[in-house]
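These notes concern the structure reproduced below.
Numbers for residues simply follow the sequence, beginning at 1.
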Amino acid sequence: MPEFLPEELNLIYLYDPGNLHGLIYELRSMMTVLMPDENELRNLTQGVIAKLEKLTSADYKKLCETCSPEAALLHFNLGLEQELTETED
């Protein structure tokens, strides 16, 4: 199973409807509404989709077990704090 970065896990947690094919669909749908300057999110999403397409059902189930709301929220908050600090400088 491919390794997922904390940012990738956040994306999975936010868009996961409960099944692998639905998750890939939701991520692709989200990409259609990205603005042209959102290249970082587009690249991140494309990378996540590429990794998800390699997963088996068993891998997806294991991934869901590691994607707890608490873990995702912690990584999201840490990223947000860093982003806010960078914009204040």
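The CG atom of Leu27 lies 11.0 Å from the CD atom of Glu8; values are rounded to the nearest 0.5 Å. To the nearest 0.5 angstrom, Glu7 atom CD is 11.5 Å from Ile12 atom CD1. With values rounded to the nearest 0.5 angstrom, Thr45 atom OG1 is found 4.5 Å from Leu11 atom CG.
In this view, Glu53 and Arg28 satisfy the salt bridge (charged side-chain N to carboxylate O under 4.0 Å, His left out) rule, not counting sequence neighbours. The side chain to side chain donor-acceptor pair (under 3.5 Å) search around Thr56 returns Asp59, not counting sequence neighbours. For Pro36, there are no side chain to side chain contact (heavy atoms under 4.5 Å, CB included) partners, not counting sequence neighbours. Under the side chain to side chain donor-acceptor pair (under 3.5 Å) criterion, Tyr15 pairs with no residue, sequence neighbours left out.
Residue Phe4 comes nearest to Val48 through the heavy atom pair CE2-O, 4.4 Å, listed as atom of the first residue, atom of the second, then distance. Nearest heavy-atom pair across Gly22 and Pro17 is C-CG, 3.5 Å. Shown here for Leu20 and Leu55, the closest heavy-atom pair between the two residues is CD2-O, 3.8 Å.
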message = side-chain contact (heavy atoms from CB on, under 4.5 Å), that's the test. Do Leu63 and Leu9 meet it? Break it down for me.
response = CA-CA 9 Å; Leu63 175 64; Leu9 291 174; 3.7 Å; yes

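When side chains are defined from C-beta on, Met30 counts as touching Leu41, because their heavy atoms get closer than 4.5 Å. With a 4.5 Å cut-off on side-chain heavy atoms, Gln46 and Ile49 do not count as touching.
When atom types are taken as modelled, the side chain of Lys54 and the backbone of Pro2 share no donor-acceptor pair closer than 3.5 angstrom.
Hydrophobic clustering (ILVMFWY, side-chain heavy atoms < 4.5 Å, transitive): Ile24 and Leu14 are in one cluster.
Evaluation of the salt bridge (charged side-chain N to carboxylate O under 4.0 Å, His left out) test over residues 29-45, restricted to residues two or more places apart or in two chains, returns none.
Side-chain polar atoms of Tyr60 and Asp16 form a donor-acceptor pair below 3.5 angstrom.
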